[in-house]
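Shown next, in structure tokens, is the structure this report addresses.
Position 1 is the first residue of the sequence, and the numbers go up from there. Reckoned from all heavy atoms, side chains included, excluding hydrogens, waters and symmetry mates.
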Amino acid sequence: MKTLIPVAVVLVLCSSSVTAHASTPAQHSKKAHTTSSMHPKLTLDSALVIAKAQVPNGTVKSHELEREHGKLIYSFDFVVAGKTGIDEVNVDAMTGAIVATEHEGPKAEHSEQMKEKREAKATSTGH
């Protein structure tokens, strides 16, 4: 009788786990489409609250939704009174986790703007 109880427990656990992970073909294809698309799970407003917690005295200068290093992120540039350059905060658009925080001085900020302009030009011309 002792061997029947563990077997019964295993059968119950296995059947509940199979049920919990079962999906219809329509659900499966929808899930595959959702993870491969560029739609954030986190709203811009939610990401902004998370980013502002990192730079509480900052004012948002700009923001964008972009793919960086394989992750979909919200990137926020903050200006802080009395401080040169910007504080950049990147928030994972799927999880809300802070991906990176960085202070960019005026030179680094200018270099990044020039790089973005070159990338935009290359994209628009098809290169």
Side-chain angles (χ1 to χ4, degrees):
M1 190 61 115
K2 287 183 182 181
T3 58
L4 291 180
I5 293 172
V7 171
V9 170
V10 169
L11 288 175
V12 169
L13 290 174
C14 287
S15 66
S16 65
S17 107
V18 169
T19 305
H21 295 295
S23 62
T24 66
Q27 289 170 325
H28 181 70
S29 64
K30 182 179 179 183
K31 184 177 181 182
H33 174 71
T34 303
T35 55
S36 65
S37 65
M38 196 166 160
H39 298 290
K41 290 183 179 180
L42 198 66
T43 66
L44 174 63
D45 290 338
S46 296
L48 179 58
V49 169
I50 293 166
K52 278 194 75 66
Q54 300 297 308
V55 190
N57 297 325
T59 303
V60 176
K61 177 181 176 184
S62 65
H63 63 81
E64 65 181 320
L65 178 65
E66 62 183 325
R67 187 164 297 280
E68 191 169 283
H69 304 292
K71 289 187 177 195
L72 186 60
I73 63 166
Y74 286 106
S75 178
F76 296 94
D77 290 344
F78 290 91
V79 177
V80 179
K83 193 174 181 181
T84 61
I86 59 154
D87 286 345
E88 181 179 3
V89 179
N90 296 335
V91 179
D92 188 307
M94 300 309 232
T95 66
I98 299 294
V99 176
T101 58
E102 176 181 6
H103 178 76
E104 294 179 352
K107 281 185 177 182
E109 182 182 3
H110 179 72
S111 294
E112 185 172 329
Q113 288 173 349
M114 297 306 291
K115 179 184 171 190
E116 288 175 358
K117 284 181 182 180
R118 284 191 303 272
E119 289 172 354
K121 186 176 180 180
T123 303
S124 67
T125 60
H127 292 118

Can you give me the closest heavy-atom contact between Leu72 and Pro40, atom names plus distance?
CD2-N, 3.8 Å
What's the separation between atom CG in Asn90 and atom CD in Glu66, rounded to the nearest 0.5 Å?
6.5 Å
To the nearest 0.5 Å, what is the distance between CG (Leu42) and CG (Leu48)?
10.5 Å
Given Thr95, which partner from the list Val99, Asp92, Val91 fulfils the side chain to side chain contact (heavy atoms under 4.5 Å, CB included) test?
Asp92
Rounded to the nearest 0.5 Å, how far apart are CD1 of Ile86 and NZ of Lys61?
6.0 Å
Donor-acceptor under 3.5 Å (His103 side chain, Glu88 main chain):
no
Where Ser124 and Lys121 come nearest, the two heavy atoms and their spacing:
OG-O, 2.9 Å
Looking only at non-hydrogen atoms, find the nearest pair between Gly96 and Ile50 and report the distance.
O-CD1, 3.5 Å
Applying the 4.5 Å side-chain criterion to the ILVMFWY set and letting contacts propagate, would Val49 and Phe76 be lumped into a single cluster?
no
Would you say that Ile98 contacts Gln54 through its side chain, given a criterion of any heavy-atom pair below 4.5 Å between the two side chains?
yes
Verify the cluster assignment for Leu44 and Leu65: are they in a single hydrophobic cluster under the rule of side-chain heavy atoms below 4.5 Å apart?
yes
Whether Tyr74 side chain and Ala51 backbone form a donor-acceptor pair below 3.5 Å
no
Hydrophobic clustering (ILVMFWY, side-chain heavy atoms < 4.5 Å, transitive) - are Met94 and Ile73 grouped together?
no
Please check this pair: side chain of Lys52 against backbone of Gly58, looking for a donor-acceptor N/O pair closer than 3.5 Å.
yes
